[in-house]
Q: 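Sharing a structure below in C-alpha cells format, with a few things to ask.
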Protein chains: 2
Amino acid sequence: MRRQIPEVVVSRLPTYLRALALLKSEGIEFISSRGLGARLRMTPAQIRKDLSFFGKFGRQGRGYSVSRLHRELQQILGLDKTWQMALVGVGRLGRAILDYKGFAPEGFKIVAAFENDPNLIGKKVSGVLIEDIAKLETSLKDKKVDIAIVAVPSSDAQVVIDKLVKSGIKAVLNYAPICVRVSRGVRLQGIDPVLALQGMTFYLARG
Amino acid sequence: MRRQIPEVVVSRLPTYLRALALLKSEGIEFISSRGLGARLRMTPAQIRKDLSFFGKFGRQGRGYSVSRLHRELQQILGLDKTWQMALVGVGRLGRAILDYKGFAPEGFKIVAAFENDPNLIGKKVSGVLIEDIAKLETSLKDKKVDIAIVAVPSSDAQVVIDKLVKSGIKAVLNYAPICVRVSRGVRLQGIDPVLALQGMTFYLARG
DNA sequence: CCTTGTGAACGCATTCACAGCA
DNA sequence: TGCTGTGAATGCGTTCACAAGG
C-alpha cells in the first residue's frame with residue numbers, strides 16, 4: 001500500500017467496479033484475478049498489482065469475494081456518498097444530460113442547471129429548475145455542488161469553466177470540444193466523440 | 001520514422017490537430033513545440049518526439065508551419081476523406097447524436113440509422129431514414145459504412161456489436177455503459193460519462 | 001491442483017541534452 | 001540567438017516468477 005497511487009491505476013478502478021457489479025447481478029460470489037482479467041481483456045497480474053495499492057482483498061485458492069471487492073472499490077473511489085452536480089448549458093445536449101437515467105443509480109445527482117437564455121430561465125427541465133448563469137457562484141455554494149458538467153458552445157466553455165473554478169468547483173466534466181486550460185488542483189475530464197473517432201480512423205486508414 | 005507507432009502517440013494526435021485548427025483560426029502561422037506545449041500543458045520534447053514518428057515537419061529557429069502541420073496530421077489520421085457512419089439505437093440519446101452538429105465539419109457523416117421499435121422505422125430523424133435493424137448487414141454494405149455508433153440500452157449492446165462486427169464493421173463508438181468484448185482487429189471506443197466521473201471522485205474524496 | 005501478493009526484471013514512454021541548422 | 005530532431009538516459013508501469021497459503 002503506497003502513498004502516491006499512479007493515475008493510470010485509479011483510472012482502471014471504475015471498470016473493475018463495473019465488472020464486479022455485473023458479476024454480482026449474475027449471482028457469482030467469487031472471482032479470481034484471472035477470471036476478471038479474461039472478462040476485461042487484461043492480465044491477472046495487472047489486476048492484482050492494481051488492487052495491492054489499496055490493500056489485501058483476496059483469498060488464496062479462492063480469489064476475491066465479489067461483493068466485498070465491490071464494496072471496497074466503491075469506498076476507495078469515494079462512491080459511498082451521493083455527489084451533487086450542476087449542469088451549465090441547457091441546450092439540446094444539456095437537456096439530454098438532464099434526462100439521462102444513468103447518473104442517479106451510481107450516486108450522481110444533478111441538483112442545479114444554469115443558462116443565459118432568458119427564455120429558459122425559471123423553467124423546469126427533468127425536474128431541475130433552470131437558473132440564471134449570473135447566479136452561478138451563490139447557487140453552487142447554497143446547494144453544495146461538488147462537480148460541474150459543462151455543455152455550452154465551445155466559444156463559451158473556457159469562460160464558463162473559469163467561473164466555475166473561481167466558485168470553488170474542483171471537478172469538471174466537459175462536453176465542449178475544445179482544449180481547456182484549468183489551474184492545478186482542479187480535475188477535468190472531457191467527453192468528446194470526435195476525438196474518439198479521430199483516434200480510430202488512424203487505424204482504419206491503414207487496414 | 002518507425003514502423004510500429006505506440007498507441008499512446010496516436011491518441012495524442014487528435015488533440016494536436018485540434019490545437020492547430022484553433023491556431024489557424026487565430027491567424028498564427030508558426031508555432032514552436034514549446035508554444036504548442038504551453039497551450040496543451042505538455043512538454044515540448046514530447047510533442048517533437050511524437051511528430052518525429054511520422055516525419056520532419058519543423059524548421060529550426062522557426063518552429064512548425066501551422067497550416068502545413070495541420071494538413072500533415074489530417075492526412076496521418078486519415079481525415080482527408082469523409083467517413084460514413086451508421087447509428088444503431090434511435091432513442092433519446094440516439095436522437096441527440098443524430099442532431100449533433102459537430103461530426104460533419106470534421107468529416108464524419110451519419111448515413112444510416114437502425115432501430116427495432118416499429119413505431120420509428122420508416123420515419124426520418126435529422127434527415128436520416130430509420131431502418132429496421134434486421135436489415136443491418138445489407139444496408140451497411142450498400143452504404144459503405146466504415147464506423148458504427150452504438151446507442152442502444154446496455155442489455156442489447158453486446159448483441160448489436162456482435163452483429164456489427166459480423167457485418168464487417170471495423171470500428172465502433174459505444175455509448176452503452178458496459179464492458180464490451182470485441183474480437184481483435186476491431187477498434188472500440190467507449191463514451192461513458194459515469195466512468196469519467198468515477199475517475200474524478202477518487203481525487204475529490206481525498207482533497 | 002488452485003489462488004494471492006509482491007519484489008525483481010523487463011520494456012516502453014518520457015525527458016534530457018546536444019548536434020545541426022536558420 | 002532560436003529551434004528541431006534524435007540518440008541516450010531516466011523513470012515508470014507492466015509482467016514475471018515465486019513464496020505462502022488453501
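Computed from a predicted structure; not experimentally measured.
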Q: To the nearest Å, how far apart are Gln4(A) CD and dC12(D) C1'?
A: 13 Å

Q: Any Lys/Arg nitrogen of Glu7(A) or Arg187(A) sitting under 4.0 Å from an Asp/Glu carboxylate oxygen of the other?
A: yes

Q: Measure the distance from CG on Leu69(B) to P on dC3(D) and round it to the nearest whole Å.
A: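 My rounded result for the distance is 16 Å.
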
Q: Which of these nucleotides, dC21(C), dG22(D), dC16(C), is closest to any side-chain atom of Gln60(A)?
A: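 Of the candidates, dG22(D) comes closest.
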
Q: Have Gln46(B) and Asp50(B) got a donor and an acceptor in their side chains that come within less than 3.5 Å?
A: no

Q: Considering heavy-atom distances to DNA chain D, does Arg12(A) or Arg48(B) have its closest nucleotide positioned more toward the 5' end?
A: Arg48(B)

Q: Would you confirm whether Lys101(B), through its side chain, and Asp99(B), through its main-chain N or O, come within 3.5 Å as a donor-acceptor pair?
A: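 Yes: the side chain of Lys101(B) pairs with the backbone of Asp99(B).
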
Q: Taking only the side-chain nitrogens and oxygens of Gln46(A), find out if one of them lies under 4.0 Å from OP1 or OP2 of dT14(D).
A: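 Yes, within the criterion.
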
Q: If you check the Lys49(A) side chain, which of dG5(D), dG7(C), dT3(C) turns out closest?
A: dG7(C)

Q: Among dT4(D), dG13(D), dT14(C), find the nucleotide with the atom closest to the side chain of Pro6(A).
A: dG13(D)

Q: Does the base of dG22(D) carry an N or O that pairs as donor and acceptor with the side chain of Arg62(A) under 3.5 Å?
A: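 In this structure, the two groups form no donor-acceptor pair.
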
Q: Choose from dG5(D), dC3(D), dT15(D) the nucleotide whose nearest atom is closest to any side-chain atom of Thr43(A).
A: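 Minimum distance to the Thr43(A) side chain belongs to dT15(D).
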
Q: Quick one: do Arg59(A) and Glu29(A) make a salt bridge, cutoff under 4.0 Å?
A: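 Here Arg59(A) does not pair with Glu29(A) in a salt bridge, since their nearest N and O are not under 4.0 Å apart.
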
Q: Rounded to whole Å, please give me the gap between CD in Glu7(A) and P in dT14(C).
A: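 Result: 13 Å.
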
Q: Counting only side-chain N and O atoms of Tyr64(B), is one of them less than 4.0 Å from OP1 or OP2 of dG5(D)?
A: yes

Q: In terms of side-chain heavy atoms of Ser52(B), which of dA13(C), dT6(D), dG22(D) is nearest?
A: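 So the nucleotide nearest the side chain must be dT6(D).
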
Q: In whole Å, I'd like the distance from the CG atom of Asp50(A) to the P atom of dT14(D).
A: 7 Å

Q: How many whole angstroms separate atom CZ of Phe54(A) from atom P of dT6(C)?
A: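 Rounded to the whole Å, the gap is 13 Å.
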
Q: Just N and O in the side chain of Ser33(B): are any of them under 4.0 Å from OP1 or OP2 of dT4(D)?
A: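 Checking dT4(D) against Ser33(B), a side-chain N or O does come within under 4.0 Å of OP1 or OP2.
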
Q: Taking atom C1' of dT14(D) as reference, at what distance in whole Å does atom CG of Leu51(A) sit?
A: 15 Å

Q: Taking the side chain from Thr201(B) and the backbone from Leu77(A), do they hold a donor-acceptor pair closer than 3.5 Å?
A: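 Confirmed, Thr201(B) side chain pairs with Leu77(A) backbone.
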
Q: Measure from CZ on Phe53(A) to C1' on dT4(C) and round the result to the nearest Å.
A: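 These atoms are roughly 16 Å apart.
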
Q: Whole Å only: how far is the CZ atom of Arg68(A) from the P atom of dT3(C)?
A: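 Interatomic distance, CZ of Arg68(A) to P of dT3(C): 19 Å.
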
